[in-house]
Number of protein chains: 2
Amino acid sequence: MSSEINPPANDQTSAPDEAFLHECLYFTTNRLSRAISRIADDAFATTGLAPAYGYLIRLVIGKPGITQKELSEKLYITPSTLTRFIDKLEGKRLVERQVQGKTVLVYPTDKAFELEQPIRQASKKLKETYEAILGKEAAALLTASVENAGVQLE
Amino acid sequence: MSSEINPPANDQTSAPDEAFLHECLYFTTNRLSRAISRIADDAFATTGLAPAYGYLIRLVIGKPGITQKELSEKLYITPSTLTRFIDKLEGKRLVERQVQGKTVLVYPTDKAFELEQPIRQASKKLKETYEAILGKEAAALLTASVENAGVQLE
DNA sequence: CATTGTATTTTGTATGTACAACTAAAATAA
DNA sequence: TTATTTTAGTTGTACATACAAAATACAATG
């Protein structure tokens with residue numbers, strides 16, 4: 001048992017070195033992602049939808065007949081994931097597919113329009129919740145940095 | 001550009017308003033999380049492990065006999081998720097469980113020690129990769145903000 | 001000591017997500 | 001026009017992750 005590389009003196013009582021976790025963007029981002037997802041789930045509970053579906057529906061309402069390709073690009077999820085999402089929303093009669101050659105156009109149903117306001121409400125509540133904790137200013141800054149990093153790393 | 005709330009005129013040809021996505025911390029964080037996870041997967045490919053397992057092993061090596069509870073707290077994942085992770089690592093003979101009453105102590109195997117350096121190497125490569133894209137300084141700032149937000153939102 | 005409560009882990013089940021392989025349609029080249 | 005390549009979407013499979021409920025063990029107290 002050689003000890004060539006001796007990490008900072010580790011007296012049994014203190015925690016071992018965990019800096020490598022907190023200095024790692026992969027780790028901290030996933031942690032934040034889980035935390036904010038919990039908050040988002042709560043905020044969207046009233047809509048009966050997971051937050052991701054709420055955003056999808058907003059896009060479909062914003063552009064009825066939008067293709068799945070466009071949706072997957074805007075949401076930054078893969079086409080296969082999008083297929084499953086649309087399957088689910090179709091099952092709930094919230095959207096309809098219209099096959100057009102090799103592409104699929106997605107349309108909102110009346111039921112989707114009924115959900116529009118509740119979804120907006122939930123989005124607002126979500127934002128208010130994290131702004132209350134982080135501060136409005138800080139939240140905006142963080143969101144911009146995270147957005148920017150996402151763009152660059154993609 | 002003093003733009004408070006002014007939904008840009010929506011002439012049919014341009015994209016519908018998607019600001020709500022890019023201004024939302026939930027959305028941007030999940031997007032970043034997917035992007036950085038892809039990079040991390042690549043960096044860790046040489047180890048034969050997903051990045052999360054690499055970090056887990058580092059913690060176990062840092063404190064042989066660490067309990068599952070401690071691990072789940074340090075990694076911010078739920079106990080049930082941790083159980084599955086340990087199951088998998090045990091299956092690969094990288095850790096061993098030692099039941100101690102109602103708790104479970106986790107120990108690294110020799111095989112785990114052999115992986116220690118490759119894992120460190122992969123972590124390093126991961127960091128270098130995103131630092132090369134974001135800039136060292138910017139990456140550090142972002143990581144700190146994200147870490148901080150994660151702490152506050154938990 | 002028996003009961004009742006509490007903490008740790010596991011298991012069943014469900015969801016989000018991806019990749020690879022596949023199908024079908026459209027576009028392009030020969 | 002036919003053959004080839006590219007594009008859009010789907011399906012099979014796998015993994016990370018969570019929650020709720022069950023199993024287990026320990027602790028406290030009457």
Side-chain angles (χ1 to χ4, degrees), chain A residues 26-27 29-42 44-45 47-56 65-92 95-106 150 154, chain B residues 26-27 29-42 44-45 47-56 65-92 95-106 150 154:
Chain A
Y26 162 79
F27 180 78
T29 300
N30 281 327
R31 179 183 173 185
L32 177 59
S33 167
R34 291 193 289 273
I36 189 85
S37 291
R38 269 188 288 265
I39 294 173
D41 287 346
D42 285 354
F44 276 75
T47 67
L49 291 175
Y53 293 93
Y55 289 156
L56 210 176
I66 189 171
T67 65
Q68 290 192 189
K69 181 166 206 317
E70 268 182 286
L71 284 169
S72 75
E73 282 168 0
K74 289 192 199 308
L75 294 171
Y76 303 95
I77 56 182
T78 61
S80 69
T81 299
L82 198 86
T83 292
R84 322 281 174 162
F85 279 19
I86 301 290
D87 286 350
K88 216 165 253 193
L89 288 180
E90 215 179 19
K92 295 190 180 192
V95 304
E96 278 166 9
R97 279 184 166 103
Q98 189 190 304
V99 178
Q100 188 94 150
K102 73 180 167 188
T103 75
V104 175
L105 310 183
V106 184
E154 227 141 44
Chain B
Y26 162 79
F27 181 78
T29 299
N30 281 328
R31 180 183 173 185
L32 176 59
S33 166
R34 290 193 289 274
I36 189 86
S37 291
R38 268 188 289 263
I39 294 173
D41 287 346
D42 285 354
F44 275 76
T47 67
L49 291 174
Y53 293 91
Y55 289 155
L56 210 176
I66 189 171
T67 66
Q68 290 192 187
K69 182 167 204 316
E70 267 183 286
L71 284 169
S72 76
E73 281 167 2
K74 289 194 199 306
L75 294 171
Y76 303 95
I77 56 181
T78 61
S80 69
T81 298
L82 198 87
T83 291
R84 322 280 176 166
F85 279 19
I86 300 291
D87 286 350
K88 217 165 251 193
L89 288 180
E90 215 180 18
K92 296 190 179 193
V95 303
E96 278 167 9
R97 279 183 165 102
Q98 190 190 304
V99 178
Q100 188 92 153
K102 70 183 168 186
T103 76
V104 175
L105 309 184
V106 183
E154 227 139 44

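Throughout, a chain's letter reflects where its sequence line sits, starting with A, and its residues are numbered from 1.
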- Item | Separation of D/dA14 P from B/D41 CG (nearest whole Å) | 17 Å
- Task: Using the test salt bridge (charged side-chain N to carboxylate O under 4.0 Å, His left out), find all partners of A/D87 that sit at least two apart in sequence or belong to another chain.
- Result: A/R97
- d(CD1, B/I77; P, D/dC19) in whole Å: 12 Å
- What residues form a side-chain contact (heavy atoms from CB on, under 4.5 Å) with B/S80, not counting sequence neighbours? B/T78
- Item | Footprint string (nucleotides 7-13 of chain D, 5' to 3'): B base within contact, S backbone only, - free, heavy atoms under 4.0 Å | BSSBBBB
- Task: Round to a whole Å and report the spacing from CZ of A/F44 to P of D/dA18.
- Result: 20 Å
- Task: Decide, yes or no, whether a salt bridge links A/E154 with B/R31 under the criterion of side-chain N to carboxylate O below 4.0 Å.
- Result: yes
- Any B/Y53 side-chain N or O less than 4.0 Å from OP1/OP2 of D/dC15: no
- Task: Report the residue (A/A52 or A/Q100) whose heavy-atom-nearest nucleotide on DNA chain C is the more 5′ of the two.
- Result: A/A52
- Item | d(CG, B/N30; P, C/dT15) in whole Å | 18 Å
- So, B/S37 side chain and B/S33 main chain: donor-acceptor pair closer than 3.5 Å or not? yes
- Item | A/Y26 and B/Y55 aromatic ring geometry - parallel, tilted or perpendicular at 30°/60° bounds | tilted
- Could you give the CG-to-C1' distance, from B/L89 to D/dA16, as a whole number of Å? 13 Å
- Quickly work out the A/L49 CG to C/dG16 P distance and round it to whole Å. 10 Å
- Query: Are the side chains of A/Q98 and A/V106 in touch, meaning some heavy atoms are under 4.5 Å apart?
  - Reply: no
- Query: Atom OH of A/Y76 to atom P of C/dA18: distance rounded to whole Å?
  - Reply: 13 Å
- Query: For B/R38 and C/dA18, what is the distance between atoms CZ and P respectively, to the nearest whole Å?
  - Reply: 6 Å
